[in-house]
Amino acid sequence: NSESYAINQYRKSENYSGKELFTNLDKDVQSIALSNLYSKSSHNLAHKSVSNSYLCFGLLRYKLNPLSSQTQEAPLILVPVQLIHNEDDSYSIIGSKNEVLLNEPLIARMAKERKLDLSYPIKSNFSISNFLYYIGVKVKPLNWHVNNYVILSNLELTSHYTIKSIKDN
């Protein structure tokens, strides 16, 4: 499509720094979404002195009740980030290369309710793709699925991270 062509042309230009993030949202929708995320994140940072913005990697699609047709989705990996509103009305996402969190509430819930061990050591050579593959193999017998989506969201640390909680933010 013409949008993909424009992105590819931009990536070939001198203006491309390699640090841009492209999404499947149209420019206006993306701007509104980023503005809302920035506003909520800034409010949380000002009132609670903590950022709750995360880049979430990999989504687990699962059923807590094997007899139910209802599926849920939850992110597997969380990277704390700071969303910055730039003077040119663009946004920057600043993260730590060394801070990667697993969705511990999800892992604990799976261990308790489904007797499924999804624990995984985070070492200096941690690989997102290896972890997502590992989880995919562990959940395949249950007919669950791991997607390699990346989502930017504000999350509350006290909640069980699900796609519903992400959409609410």
Side-chain angles (χ1 to χ4, degrees), residues 18-25 29-30 32-34 36-45 47-84 91-169:
K19 295 180 180 180
E20 291 86 347
L21 180 66
F22 300 100
T23 72
N24 61 352
L25 299 176
V29 172
Q30 177 178 294
I32 291 167
L34 286 170
N36 289 338
L37 282 169
Y38 175 77
S39 180
K40 288 180 181 180
S41 177
S42 296
H43 180 268
N44 199 51
L45 193 57
H47 288 72
K48 297 181 182 177
S49 299
V50 65
S51 176
N52 64 340
S53 298
Y54 295 90
L55 270 178
C56 305
F57 294 87
L59 295 177
L60 175 64
R61 182 178 302 140
Y62 63 97
K63 294 181 184 181
L64 276 178
N65 179 347
L67 303 177
S68 171
S69 62
Q70 184 180 8
T71 60
Q72 296 182 24
E73 289 184 310
L76 292 164
I77 302 168
L78 310 168
V79 176
V81 296
Q82 182 180 7
L83 194 57
I84 297 172
Y91 291 86
S92 296
I93 301 169
I94 309 295
S96 168
K97 293 180 183 178
N98 299 324
E99 193 169 8
V100 175
L101 309 169
L102 300 182
N103 187 342
E104 293 299 337
L106 175 70
I107 292 170
R109 188 173 190 188
M110 293 301 140
K112 180 181 178 186
E113 296 181 19
R114 293 302 303 265
K115 308 298 184 237
L116 180 63
D117 180 13
L118 298 180
S119 60
Y120 191 87
I122 296 184
K123 299 179 180 174
S124 61
N125 62 347
F126 178 80
S127 162
I128 290 174
S129 58
N130 288 349
F131 173 72
L132 296 179
Y133 177 78
Y134 168 81
I135 296 297
V137 169
K138 298 266 298 196
V139 303
K140 188 174 183 172
L142 300 168
N143 290 322
W144 295 358
H145 182 71
V146 174
N147 293 315
N148 62 351
Y149 299 142
V150 178
I151 298 171
L152 175 64
S153 183
N154 293 324
L155 299 172
E156 294 297 326
L157 291 175
T158 57
S159 71
H160 172 66
Y161 304 130
T162 63
I163 290 306
K164 180 182 181 324
S165 67
I166 289 173
K167 287 180 180 172
D168 290 345
N169 286 297

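For the numbers below, each heavy atom of this structure counts, side chains included, while hydrogens, waters and symmetry mates do not. No experiment lies behind these values; they were computed from the predicted model shown.
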> With a 4.5 Å limit on heavy-atom distance, are the side chains of E104 and I107 in contact?
Replying inline: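 A side-chain contact under 4.5 Å exists here.
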> Does S129 have any side-chain hydrogen bond (donor to acceptor under 3.5 Å, both in side chains) partners at least two apart in sequence or in another chain, and if so, which?
Replying inline: S127
> With E113, which residues qualify under side-chain hydrogen bond (donor to acceptor under 3.5 Å, both in side chains), at least two apart?
Replying inline: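 For E113 the side-chain hydrogen bond (donor to acceptor under 3.5 Å, both in side chains) partners, ignoring immediate neighbours, are R109.
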Qualifying residues under side chain to side chain contact (heavy atoms under 4.5 Å, CB included), relative to [X], sequence neighbours excluded:
| X | answer |
| --- | --- |
| S69 | none |
| K112 | none |
| N125 | K123 |

Rounded to the nearest 0.5 Å, how far does [atom2] of [Y] lie from [atom1] of [X]?
| X | Y | atom1 | atom2 | result |
| --- | --- | --- | --- | --- |
| L76 | I135 | CG | CD1 | 6.0 Å |
| Y62 | L118 | OH | CG | 10.5 Å |
| L59 | Q72 | CG | CD | 12.5 Å |

Could you give the side-chain donor-acceptor pairs of residues 137-152 under 3.5 Å, partners two or more places apart or in another chain?
from, atom 1, to, atom 2, distance (Å)
K138, NZ, D117, O, 2.8
H145, NE2, N147, OD1, 2.9

> Do you know the tightest heavy-atom contact between P75 and N103?
Replying inline: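 Taking every non-hydrogen atom into account, O-ND2, 2.7 Å.
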> Which atom names give the shortest non-hydrogen contact between L132 and G58, and what distance separates them?
Replying inline: CD2-CA, 3.8 Å
> According to the salt bridge (charged side-chain N to carboxylate O under 4.0 Å, His left out) rule, which pairs have a member within residues 54-68, sequence neighbours left out?
Replying inline: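 Passing the test, one end in residues 54-68: R61-E73.
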> Does OH belonging to Y133 count more than 12 external heavy atoms closer than 6.0 Å?
Replying inline: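 No, because the 6.0 Å sphere around OH of Y133 holds 12 heavy atoms or fewer from other groups.
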>> Restricting to ring-ring contact (aromatic ring centres under 6.0 Å, His included), what partner residues turn up for F131, sequence neighbours left out?
In response: Y120, F126
>> Here's a test for you: under side-chain contact (heavy atoms from CB on, under 4.5 Å), which of I77, V100, V81 qualifies with L55?
In response: V81
